[in-house]
Amino acid sequence: MFFSYATLSLVGIVLLFAISTAAHMQMSDPAPLNSSFNSHSVEPKDYSMSSPLVNNSPDGPVPGGYPCKGYLSLLGTPEGAPTAVWEAGSNQKFTLAGTAIHSGGSCQASISEDKGATFKVVKSYIGKCPVEGGGSLDFNVPKETKSGEMIFAWTWFNRVGNREMYMNCAVVTITNGGSGLHNYPDIFVANLDASCGTDEGFDVYFPKPGTPDRVVNLSTSIHPPHGACAPPKQETVAYSPPETTATTTTTYTLTKSSFTTTTSGPTNPQPSCECRCVEPGLKSGYVVNISPFTN
Ligand SMILES: *[C@@H]1O[C@H](CO)[C@@H](O)[C@H](O)[C@H]1NC(C)=O
Ligand SMILES: *[C@@H]1O[C@H](CO)[C@@H](O)[C@H](O)[C@H]1NC(C)=O
């Protein structure tokens with residue numbers, strides 16, 4: 001067999017390309033929003049789905065940031081069409097591609113039933129995630145998951161290297177679903193600003209990983225995160241409707257819709273906000289005004 005010089009150069013170029021795109025890890029199945037793995041994606045696609053989330057801004061979401069690298073704008077468009085159909089209660093898997101695993105770390109599989117406002121954890125993988133060469137990780141789609149188009153997210157905190165958070169999101173259709181993932185923990189979010197971080201050299205221990213049947217712990221060296229770790233820009237309150245005959249409790253999401261700081265008063269500055277309770281994906285109402293103290 002003989003190769004011409006031109007053929008050898010071409011091989012070299014192809015190899016270089018393969019190396020540069022193998023940096024870090026990305027989800028290939030289910031195919032994420034704006035990913036080149038997604039047959040619904042159109043140019044310009046994101047050919048570096050394996051790059052970490054861009055840090056938060058105090059002013060709110062930023063392109064490339066949390067959640068989903070900013071690609072939830074594709075929901076409801078042809079590019080946001082579902083890439084998998086999962087029956088609630090079934091066992092499924094997601095596949096990671098790439099080679100740069102940064103000594104693994106900890107991952108979560110989460111589902112959003114409210115178009116990305118909240119993500120509920122359905123499995124936590126503490127340590128050795130991802131494994132060398134990528135591969136598939138299995139989890140159970142809770143039978144409580146609501147039917148319809150939901151967002152599946154894979155998130156990853158690498159053990160070694162820069163302190164980063166990785167997140168790829170895919171639209172999936174849930175069939176034969178239930179009443180919702182209200183009782184599942186919120187997704188763990190860290191390393192996007194100074195408020196919450198993970199320590200290098202350890203697999204992060206998720207403060208709320210889920211029930212034991214939804215946690216796999218392969219870590220040999222585990223560390224909790226440091227700082228005030230909470231889901232960003234979102235507070236959840238349990239709200240009981242003022243009905244005398246009611247026996248049910250509904251969980252509403254309290255969303256901050258405006259935020260101002262007053263410059264007068266006894267202790268300055270004082271925050272005040274108008275907050276709005278929204279039943280995830282459904283009704284809106286119950287505006288709460290939180291005003292500064294005046295003596
Ligand atoms: C998809 O990714 C590309 C490359 O980063 C970007 O230019 C494009 O705006 C993204 N699409 C959407 C809808 O955000
Ligand atoms: C996970 O495994 C590590 C190492 O064996 C252990 O120290 C840690 O307590 C375990 N955590 C949980 C939640 O099981």
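Please read all numbers here as calculations on a predicted model, not as lab measurements. All residue numbers in this chain count up from 1 along the given sequence. We count ligands from 1, going down the list as the structure has it; atoms in each ligand are counted the same way.
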Under-4.0 Å salt bridge between Lys128 and Asp203
no

Does a donor on one side chain sit under 3.5 Å from an acceptor on the other, for Lys69 and Ser51?
yes

Closest approach of any protein heavy atom to atom 13 (C) of ligand 1, naming residue and atom:
Leu74 CD2, 3.5 Å

I need the single residue from Thr175, Ile174, Val122, Asn91 that forms a side chain to side chain contact (heavy atoms under 4.5 Å, CB included) with Val141. Which is it?
Ile174

Could you check whether any side-chain N or O of Glu164 sits under 3.5 Å from a backbone N or O of Asn191, counting only pairs where one atom can act as donor and the other as acceptor?
no

By number and element, which atoms of ligand 1 are closer than 4.0 Å to a non-hydrogen atom of Asp46?
1 (C), 2 (O), 4 (C)

Distance to 0.1 Å, residue and atom name: give those for the protein heavy atom nearest to atom 5 (O) of ligand 1.
Tyr71 OH, 3.9 Å

Would you say the side-chain atoms of Ser124 and Gln108 include a donor-acceptor pair closer than 3.5 Å?
yes

Side chain, backbone, both or neither: which applies to Asn34 and ligand 1 if a contact is any heavy-atom pair less than 4.0 Å apart?
side chain

Could you pull out, from Glu79, Lys45, Lys69, the option with a heavy atom nearest to atom 4 (C) of ligand 1?
Lys45

Atom 8 (C) of ligand 1: which protein heavy atom is closest, and how many Å away?
Pro44 O, 3.7 Å

